[in-house]
Amino acid sequence: MGFNEGVWELAKRIPKGRVTTYKILAGKLRTKAYRAVGNALNRNPHGFLCSGKVPCHRVVKSTGEVGGFAHRTKKKIKMLKKEGIKIRKNKIEDFENVLFRF
DNA sequence: TCGAATGACAGCG
DNA sequence: CGCTGTCATTCGA
């Protein structure tokens, strides 16, 4: 399992209605390159976006903000809302409540 | 509040 | 082939 694959494996474990953070993923991957996690999801080999297999839209910042998702992939945020995650101004309201810890 | 660090990939010489 | 810049972040001063 490489770096990227590890990210996807963990991301796939995220249940519906839950989110996780880049920090947690990076921690599980034994790396400190938090950005690399997002980058791995960004350059997802599954396709252009992590659609279907890897729910990258469930991966957010450790601060509770959705991060870069708000800019380009903000539509995915709507998906999160639909799944039951409340987001206000690109920030997750019940962040700790929906935060999925492995 | 701002800069450095960290992993991977594309572009350029 | 090797180096630099960029990116969906995080931490420390």
Side-chain angles (χ1 to χ4, degrees):
Chain A
M1 177 190 290
F3 181 81
N4 286 7
E5 298 191 354
V7 176
W8 310 321
E9 288 298 312
L10 291 172
K12 280 191 282 191
R13 290 191 198 178
I14 305 173
K16 177 189 167 188
R18 293 286 124 103
V19 295
T20 192
T21 70
Y22 298 108
K23 184 182 180 185
I24 295 176
L25 288 176
K28 291 296 162 197
L29 295 171
R30 298 304 221 171
T31 184
K32 301 170 212 99
Y34 316 104
R35 284 163 60 178
V37 177
N39 203 356
L41 293 169
N42 176 24
R43 300 256 164 109
N44 183 316
H46 292 305
F48 273 83
L49 284 178
C50 2
S51 28
K53 309 230 170 191
V54 185
C56 337
H57 55 277
R58 289 183 193 150
V59 185
V60 296
K61 287 186 163 191
S62 63
T63 57
E65 304 177 41
V66 283
F69 263 96
H71 194 50
R72 222 169 158 79
T73 334
K74 78 177 170 192
K75 276 188 179 168
K76 304 240 167 179
I77 295 179
K78 229 173 181 179
M79 268 171 69
L80 290 174
K81 285 184 176 179
K82 214 172 179 185
E83 291 185 3
I85 301 173
K86 295 160 188 130
I87 300 177
R88 175 78 173 184
K89 274 287 187 182
N90 295 346
K91 296 185 189 78
I92 301 177
E93 301 240 328
D94 295 323
F95 175 59
E96 301 200 4
N97 193 37
V98 297
L99 178 61
F100 177 68
R101 300 180 188 179
F102 297 93

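In what follows, every chain begins at residue 1, and chains take the letters A, B, ... in the order their sequences are listed.
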Figure out the NZ/P separation between A:Lys28 and B:dT6, and round it to whole Å. 21 Å
Starting from C1' on C:dT10, measure out to CD on A:Glu65 and report it in whole angstrom. 12 Å
Would you measure the distance from the P atom in B:dT6 across to the matching atom in C:dG2 and give it in whole Å? 22 Å
CG of A:Leu41 versus P of C:dT6: gap in Å, rounded? 22 Å
When both distances are under 3.5 Å in a Watson-Crick or G-U wobble arrangement, the nucleotide paired with B:dG11 is C:dC3
Taking OP1 and OP2 of C:dT10, is either one under 4.0 Å from a side-chain nitrogen or oxygen of A:Ser62? yes
Among B:dT6, C:dC11, C:dC7, which nucleotide has an atom closest to any side-chain atom of A:Lys32? B:dT6
Let's test this: given Watson-Crick or G-U wobble pairing with both distances under 3.5 Å, identify the partner of B:dT6. none
Whole-Å distance between B:dA5 C1' and A:Tyr34 OH? 9 Å
Identify the heavy atoms of A:Lys23 and A:Tyr34 that sit nearest to each other, and give their distance. CA-CD2, 3.8 Å
A:Phe95 and A:Lys61: which non-hydrogen atoms are nearest, and at how many Å? CZ-O, 3.7 Å
If I compare all heavy atoms of A:Arg13 with all of A:Phe100, which pair ends up nearest, and what's the gap? O-CE2, 3.9 Å
A:Tyr22 has an atom OH; how far is it from atom C1' of C:dA8, in whole Å? 4 Å
For the pair made of CZ in A:Arg30 and P in B:dA8, what is the distance, rounded to whole Å? 16 Å
Quick check on side-chain contact (heavy atoms from CB on, under 4.5 Å): which of A:Ile92, A:Asp94, A:Ile24, A:Val59 does A:Val19 satisfy it with? A:Ile92
Shortest non-hydrogen contact from A:Asn90 toward A:Ile77: OD1-CD1, 4.0 Å
Which of these nucleotides, B:dG7, B:dA8, C:dA8, is closest to any side-chain atom of A:Ala36? B:dG7
Take the protein atom NZ of A:Lys23 and the nucleotide atom P of B:dA5, then report the distance between them rounded to whole Å. 19 Å
Of the listed nucleotides C:dT10, B:dA8, C:dA8, the one nearest the side chain of A:Asn39: B:dA8
Give the rounded distance in Å between these two atoms: CD1 of A:Ile24 and P of C:dT9. 16 Å
Look at the side chain of A:Arg35 and the base of B:dA5, then say whether one donor and one acceptor between them are separated by less than 3.5 Å. yes
